[in-house]
Structures are given as C-alpha cells and as structure tokens.
Amino acid sequence: MESEDKRYLYDDDTAAPDLSNKQLNHLAWRSLLLQASFNYERMQAAGWVYSLIPGLRHIHKNKKDLSKSMKDHMEFFNTHPFLVTFIMGIILAMEQKKEDREAIRGIKVATMGPLGGIGDALFFLTLLPITAGIGASLAIEGNVLGPIIFLVMFNVVHFGVRFGLMKYGYKTGVKAIAKLKEGTRHVSRAASIVGLSVVGGLIATYVSFDIGYKWVSGEAELNVQTDILDMIMPALLPLAYTLLMYWLLKKGRSPIMLIGLTVVVGLLGAYFKIL
C-alpha cells in the first residue's frame, strides 16, 4: 500500500510555466459556477475543482499528478463566491511551484473561512444594501433605470473584485512562495493550526446540541445542561458529537448516512423531550 507520505510527492516535480492573463481571466469566468453543484456533503468542492481544472491541466502534465491534485481539491470547500478567486490565485501559484500538497491544503483551509465572513460583510451587508437602496429609491420615483443602475453598480464592484483578486492572488502567491521556499514546512504547520482554529470556532458557533432534561427531587431542580455539562466545559456536547461524526467518516461511513443519523437523533431527542 502506498504510504501516506508518498501521497504528497509528485511524479514530475518540475515547476510549470506561468499562467497568462488570458488564462487567469478564463479561470475567473469559470469561478462564476462555484455553487452550481453545491451540496451538503462537500459544499462548493465540485464547483471549486471545475474552476481550477484548466489551470491544473496547464500545470500538471503528468496524469498521476493531475489526478492527485483534483482528488485533493474535491475535499470539503466553502467560502464566499465573490472572493474565491483570491484563493484560486494563491493555490494555483503553489501548484505551479509543486509545493507540498499538505501545505496547499493547509493554505486553502486557512483562507476559505475568514474570506467567507469578510465577503458576507462587504458584499451582502454593505454593498448590496447601498446599491439596492439607490436603485429602489430611483424606481419608487418612477425612474425605469433604477433596477439597471442597481445591477450595474453592484456588478462593477463584483466583477472588478473577482477578476482583480484572481491576478493579485496569483502574483502574490508566486512572490510569497519564492520568499518562503525555505519555510514551507513551517507555513504548512501554521496554516493547519489556523484552519483547525477556524473549524473549532465553527463547531462552537454552528453545532447546537443541548440537553433540555431537568432532574427534579422535591424542591431541588438540576438542569443537566447548565448545571453539569456547561460547568465541565461549555459546548462539550457539540464537540463530542462533531468528533463522533469525524470518527464515523474515518471509518468509511457515508456523509449522507451521517446526515440521516443526525436527523434521527434530533427527532428522537425532541420526541422524548431530551434535546
């Protein structure tokens, strides 16, 4: 059996030629379909790979290297669709220089979470209300150009950011890799730590698993969740359940089965008034 270390080696470790501006623009256009195959198993992974394929084929002429790269990128991925090109640029620069695959994965995981939050704040909570407000105010006054002005203003910023970040991320990635060539292992470790920190924060924020049972004896009342579990460690149950799901995944269980198991646990918990 192939060892785990060999998975991160290349059959052809020669650095690939640079991607042209035309190729980068083509990749930016493909990124518009990032969420075309969105699903709850891998989120945007299929769209992410679709966006990268022309660049990966340019970089990896060896079919085994191309296969390894595509397989790695089919892992869970989720970020803001307008800012994804920045990550694409950095990752393609690392792929081009044939950096360690663990480092590539670490950088991808470390950047996708923060950019997801930043993108929502910039575009959906700031740009969208401003441009929609201007367009709506014109439309209310009877100006038929209101909707058109809204679409133009919003998409000028949207496409400017999408194409600009594609080139900026790629050029930044190339320069950063050249400077940090000696410290790739440390960069990989740091990126992995940041990625795990993001995942830990997401568990505490988005995984809701509380015991609603109260033990009553005479006038004494004991809330299992707040008086026992939270005193041991806040968000203990969400962490334990997430680790259980991770363990089952490592055992080869299907994500669809785990989703079904979570639904059953929720229904049983609600029926017996435990959760």
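Numbers here are sequence positions counted from 1. Here the structure is a predicted model, which means the values were calculated and not measured.
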K.L.:
With clusters defined by side-chain heavy atoms of hydrophobic residues (ILVMFWY) lying less than 4.5 Å apart, directly or transitively, does V161 cluster with F163?
P.N.:
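F163 and V161: separate clusters.
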K.L.:
Got I148 and L145 here, is their nearest side-chain heavy-atom distance under 4.5 Å?
P.N.:
yes
K.L.:
Could you check whether the rings of Y40 and F38 sit parallel, tilted or perpendicular, using 30° and 60° as the cut-offs?
P.N.:
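If you compare the ring of Y40 with that of F38, the planes turn out perpendicular.
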K.L.:
Does anything in residues 77-87 pair up under side chain to side chain donor-acceptor pair (under 3.5 Å), and if so which pairs, sequence neighbours excluded?
P.N.:
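For residues 77-87: Q44-N78.
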K.L.:
What pairs of donor and acceptor atoms, side-chain ones from residues 112-134 against any protein atom, are under 3.5 angstrom apart with sequence neighbours left out?
P.N.:
from : atom 1 : to   : atom 2 : distance (Å)
T126 : OG1    : A121 : O      : 2.7
T131 : OG1    : L127 : O      : 2.9
T131 : OG1    : L128 : O      : 3.3

K.L.:
Measure up the F86 and Y168 rings against each other and bin them: parallel (under 30°), tilted (30 to 60°), perpendicular (over 60°).
P.N.:
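Aromatic pair F86/Y168 classed parallel.
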K.L.:
Would you give me the side-chain donor-acceptor pairs under 3.5 Å for residues 247-258, sequence neighbours excluded?
P.N.:
from : atom 1 : to   : atom 2 : distance (Å)
R253 : NH1    : K251 : O      : 3.4
S254 : OG     : I256 : N      : 3.2

K.L.:
Looking just at side-chain N and O atoms, do Y241 and T262 make a donor-acceptor pair shorter than 3.5 Å?
P.N.:
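There is such a pair (donor and acceptor under 3.5 Å, judged by atom type) between the side chains of Y241 and T262.
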K.L.:
Indicate whether any N or O donor in one side chain lies under 3.5 Å from an N or O acceptor in the other, for H73 and E95.
P.N.:
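Indeed, the side chains of H73 and E95 share at least one donor-acceptor pair under 3.5 Å.
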K.L.:
State whether the side chain of Y50 and the backbone N or O of S31 hold a donor-acceptor pair below 3.5 Å, judged by distance alone.
P.N.:
no
K.L.:
Tell me whether V265 shares a hydrophobic cluster with L267, the cluster being built from Ile, Leu, Val, Met, Phe, Trp, Tyr side chains joined at under 4.5 Å.
P.N.:
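Not linked; separate clusters.
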K.L.:
Answer yes or no on whether R42 is positioned over the face of F77, meaning its NZ or CZ is under 6.0 Å from the six-membered ring centre and within 45° of the axis.
P.N.:
no
K.L.:
Short question: side chain of R162, backbone of P81 - any donor-acceptor pair under 3.5 Å?
P.N.:
yes
